[in-house]
Amino acid sequence: MAPTAASPPDRSFRTVAPVIALCWLAVFFDGMDVNIYGATMPHLLADEGLGFSTGLAGTIGSWTTFGMLIGALTAGTLTDWLGRKPLVTASVLLFSLGSALCAVAPGAALFGAGRFVSGLGLGGLMPIGLAIVAEFAPPRRAALATGLMMTSYHAGGMAATGLGLALAPDHGWRLVFWAGVLPAVIAVPLVLKWLPESPGVLFAKGRTQEAYAVADRYGLDRPGTAQAPEASAKGRMSAIGALFAPGTRWATPLLWTASFAGLLLVYGVSTWLPELMRATGYSLSSSVTFLMVINAGGIVGMLIAGRTADRFGPVKVSAVWFLLTACGTFVLRAEMPLGAAYTVVFLTGVWLFSAQVMVYAATARVYAPRERATGLGWVTGIGRTGAVVGPTLGGVVLAGGNAGLGFTTFAVAAVLGAVAIGAVPLASGRRRNPEPDAAAALLASDGRPSQS
């Protein structure tokens, strides 16, 4: 029996602030790298030497998200085996390398390869960051902690837009991509020095005393066999199989569908909003500014959605937010006065991004702790197929000259997301004889323990 820790601290936001802050910083650079592409898109298209067309730009955007799909599936499955810290470090280094390749690319081929490499790192980072926050979050504050971490994605998006507006017109788009190398210089040393490893992973590796020390330092329960993932190839396959156990076999494809719809929206809008707004009739500078405005809405939305989801449940919040996103994107079909357009774009950002993040918060409740990282990896990974479709679809629609059809397509995707996530409580309610820890996590969509 493990020795009892002497007066472990209560797990509060103050206790786990260093962990959430490091995840915030890493995901900030993730959001910056993702949005650099959309922020520089008008300049990439105008660079005749690069050889971009609207259709090719959409295809390269999809190469990025295809890399994300591979990165998310790989990292989400391997993180319990290799550890959180090594994979966070590798992910940040990969998307920094990809940005450097884009900065020196003489043509579209190497530029596309750089975006694919970036995608590997970007996709790998997200499920690991989500798993870390879900593990370290204060009790009954997991959705708020997830929302707080994900504000960084939109802060990074705003930073990318600011860099695009400040640097690209006078200094060219390449300098903006050189800024994408900063994560390797800033974030990696901090992660290596300060980010704690998961106590469950340490315990599974036989590093029991280290696991207890980390758990005691941050006010977590000391891990045992039931909570620790199996640190072997066989254990990784078992974790994947658990996604289709009797209690989750129907919830899993619904979560995948909701993530598909959400990421189609996130990456389709992030890539093509400036061009869609230009096609609707707004100026170039205003169109790029819309990307900053929608990300500002995303930050506000994360805070609202996180607090609301901790009270009412992430499923309800995600479903309602998806429906509101459908309304917002449909309204953008019409050309409005600039102030009204900024308001609608801001409100759409409030709903759009946090609808997707609450899918992740719901996922963390559906799966038991020992399967959570794998479940999040597959939800984000399979969802990346939507991120592949979104930029390509936007490029095809814009090539046809119909911006209104692009906004309608995004509205339909939002309705699909609402239906899929709304059905998850019915599917996960069929689970029988869950582990005690999982039973506590499997909350009804109103935030109360299931009575079944």
Side-chain angles (χ1 to χ4, degrees), residues 8-31 76 79 84-85 88 125-156 187 190-191 194-201 214-215 217-221 223 227 255 259 262 298-318 321 350 353-369 372-373 375-377 379-380 421 437-438 440-443 445 447:
D10 292 332
R11 191 171 9 141
S12 64
F13 276 111
R14 178 178 295 180
T15 306
V16 301
V19 180
I20 295 178
L22 283 170
C23 292
W24 193 99
L25 179 65
V27 175
F28 169 87
F29 285 121
D30 184 307
T79 183
R84 309 280 198 256
K85 184 183 292 189
V88 168
L125 178 64
M126 191 62 70
I128 304 170
L130 290 165
I132 292 171
V133 168
E135 183 174 9
F136 282 82
R140 296 176 298 281
R141 290 294 182 266
L144 178 57
T146 301
L148 283 171
M149 185 193 79
M150 291 302 295
T151 61
S152 62
Y153 178 91
H154 304 288
L190 294 174
V191 167
W194 297 110
L195 184 68
E197 187 54 85
S198 160
V201 171
V214 172
R217 186 182 310 134
Y218 294 99
L220 279 66
D221 294 332
Q227 292 78 35
L255 289 167
S259 186
I299 293 175
V300 174
M302 293 299 171
L303 300 175
I304 296 172
R307 293 183 65 87
T308 308
D310 279 331
R311 180 175 180 182
F312 298 104
V315 167
K316 280 186 177 179
V317 172
S318 182
W321 260 233
V350 169
F353 299 104
S354 49
Q356 170 64 22
V357 171
M358 290 303 106
V359 173
Y360 299 146
T363 300
R365 295 188 176 194
V366 167
Y367 299 114
R372 187 174 294 145
L376 283 165
V379 166
T380 56
I421 193 64
D437 205 10
L442 276 169
L443 303 181
S445 60

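We count residues from 1, following the sequence as given.
- Going from atom CD1 of Ile128 over to atom OG1 of Thr79 covers 4.5 Å, rounded to the nearest 0.5 Å.
- The shortest distance between side-chain heavy atoms of Ser259 and Tyr360 falls below 4.5 Å.
- Ile20 is linked by a side chain to side chain contact (heavy atoms under 4.5 Å, CB included) to Phe13, Val16, Ala145, counting only residues two or more places apart in sequence or in another chain.
- Expressed to the nearest 0.5 Å, how far CH2 of Trp24 lies from OH of Tyr153 amounts to 14.0 Å.
- Val88 is listed as a side-chain neighbour of Ile132, based on a closest heavy-atom distance under 4.5 Å.
- Across Pro199 and Leu220, no two heavy atoms sit closer than the pair CG-CD2, 4.0 Å.
- Taking CG of Asp310 as the start and CZ of Arg141 as the end, the distance is 5.5 Å to the nearest 0.5 Å.
- Put simply, the side chain of Leu130 reaches to within 4.5 Å of the side chain of Met149, judged on heavy atoms.
- Applying the side-chain hydrogen bond (donor to acceptor under 3.5 Å, both in side chains) criterion to Glu135, with sequence neighbours excluded, gives Ser198.
- Every residue two or more places apart in sequence or in another chain that forms a ring-ring contact (aromatic ring centres under 6.0 Å, His included) with Phe353 is listed here: His154.
- Remark: Thr380 engages no residue in a side-chain hydrogen bond (donor to acceptor under 3.5 Å, both in side chains) (not counting sequence neighbours).
- Taking 4.5 Å as the limit, every side-chain heavy atom of Ser354 sits out of range of all side-chain heavy atoms of Ile304.
- We find the OG1-CZ distance between Thr308 and Phe312 to be 7.0 Å, quoted to the nearest 0.5 Å.
- Residues Met302 and Met150 approach most closely at SD-CB, 3.7 Å, considering heavy atoms.
- The CG atom of Leu195 sits 6.0 Å away from atom SG of Cys23, with the distance rounded to the nearest 0.5 Å.
- Every residue was checked against the side-chain hydrogen bond (donor to acceptor under 3.5 Å, both in side chains) condition with Thr146, not counting sequence neighbours, and none meets it.
- With sequence neighbours left out, the ring-ring contact (aromatic ring centres under 6.0 Å, His included) criterion links Phe136 to Tyr218.
- Taking the side chain as every heavy atom from C-beta outward, Ile421 and Leu255 approach each other to under 4.5 Å.
- Under a 3.5 Å cut-off, the side chain of Ser318 and the backbone N or O of Val315 do not form any donor-acceptor pair.
- Nearest heavy-atom pair, Arg365 versus Ala309, reported as atom, atom and distance to 0.1 Å: NH2-O, 4.0 Å.
- Nearest heavy-atom pair, Leu144 versus Arg307, reported as atom, atom and distance to 0.1 Å: CD1-CG, 3.6 Å.
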